[in-house]
Amino acid sequence: MQPAPKKSKSYGTLAILGVIIGLVYWHPGLSGMAKPSNVTLAQNTAITLRLDQSISSKTNTSGQHFGGKLAQPLMVNGREVLPAGTEFSGTVTEATSAGKLAGGATLRIALNSFSFQGKEYKVQAPPLVRVTQGQGKRTAEVTGAGAVIGVLIGAAAGGGKGAAIGAAAGAGAGAIGAAATNKTRDIVLPAESLVTFHLGEPVTVQTNSRPARRAWIFS
């Protein structure tokens, strides 16, 4: 009669090894369980974002929200605190379209918060402001030139009274010309473009770090 294969001893050895490995893994000094630690982003830290959508002084309005992702990781003492791609959110605080006869465009956006490891952090940062020069000076110059031409035409036509009529007509023609030739210069921040804010106050971020493993079973 053939003896039964000796499998039970092998199974028992594997079970013991499994228990040892489990204890090693879950021991506080050896496990890969994350432990929280706090790291502070200092004031004036540059936050460069890649915009999720286009923002325009012409199409956006005050109060609208926008999103952006961190373009490059934020490091503190050689340690990565926020990885690239961290999601930030902000608000359009002012959006003024460029006027046709006077006044430039204004776009002001503010950073509000970011999300990291399931937690939202509020941030304080000076708003980013973009302003274009108005067309008022050019409008005045074109209108004035039209008035001078009108005076000359009126004077040739009939003296003082004609000059007054010509001046009024010339000024009107000049204003129309200014409106026709001036190009509105609205501000557009295209999607995927980079914008940089600077922290106005420090922000303390809670990160999950993994402790170094210790060979406690041999100590």
Give the table of side-chain donor-acceptor pairs shorter than 3.5 Å for residues 105-114, with sequence neighbours excluded, one pair per line with atom names and distance.
residue : atom : partner : partner atom : Å
Arg108  : NE   : Glu94   : OE1          : 3.3
Asn112  : ND2  : Thr91   : OG1          : 2.6
Ser113  : OG   : Ser89   : OG           : 3.0
Ser113  : OG   : Glu120  : OE2          : 3.0

From [atom1] ([X]) to [atom2] ([Y]), nearest 0.5 Å:
X: Glu192; Y: Lys69; atom1: CD; atom2: NZ; value: 8.5 Å
X: His65; Y: Ile55; atom1: NE2; atom2: CD1; value: 12.0 Å
X: Thr86; Y: Gln72; atom1: OG1; atom2: CD; value: 12.0 Å
X: Leu74; Y: Arg79; atom1: CG; atom2: CZ; value: 13.0 Å
X: Arg50; Y: Leu194; atom1: CZ; atom2: CG; value: 4.5 Å

Heavy-atom check, side chain of [X] versus side chain of [Y], under 4.5 Å:
X: Ser115; Y: Tyr121; result: no
X: Leu82; Y: Phe88; result: yes
X: Val188; Y: Ser54; result: yes
X: Thr132; Y: Asp186; result: no
X: Val92; Y: Thr61; result: no
X: Thr96; Y: Ser57; result: no
X: Leu189; Y: Val195; result: yes

Open item on the list: As a quick check of understanding, evaluate side chain to side chain donor-acceptor pair (under 3.5 Å) for Thr40 and Thr204, giving each step before the final call.
Closed with: CA-CA 4 Å; Thr40 299; Thr204 299; 3.1 Å; yes
Which pair of heavy atoms, one from [X] and one from [Y], lies closest together, and at what distance?
X: Gln53; Y: Phe66; answer: NE2-CB, 2.9 Å
X: Phe197; Y: Pro126; answer: CD2-O, 3.8 Å
X: Ser56; Y: Asn60; answer: N-OD1, 2.7 Å
X: Lys58; Y: Ser97; answer: CG-OG, 3.9 Å

Task: Leu70 vs Leu49, side chain to side chain contact (heavy atoms under 4.5 Å, CB included): CA-CA, chis, key distance, verdict - done: CA-CA 5 Å; Leu70 195 61; Leu49 305 179; 4.2 Å; yes
Open item on the list: Between Gln43 (side chain only) and Leu199 (backbone N and O only), is there a donor and an acceptor less than 3.5 Å apart?
Closed with: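 A pair under 3.5 Å: no.
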- [ ] Determine yes or no for a side-chain-to-main-chain donor-acceptor pair under 3.5 angstrom, with Thr196 supplying the side chain and Thr48 the backbone.
- [x]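 Judged by distance alone, no pair lies under 3.5 Å.
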- [ ] Decide whether Ser37 and Thr207 meet the rule of one side-chain donor and one side-chain acceptor closer than 3.5 Å.
- [x]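 Result is yes, a qualifying pair exists.
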TODO: Start with the C-alpha distance between Gln133 and Arg185, add both sets of side-chain angles, then the distance that settles side chain to side chain contact (heavy atoms under 4.5 Å, CB included), and finish with yes or no.
DONE: CA-CA 8 Å; Gln133 184 178 357; Arg185 294 184 295 172; 3.5 Å; yes
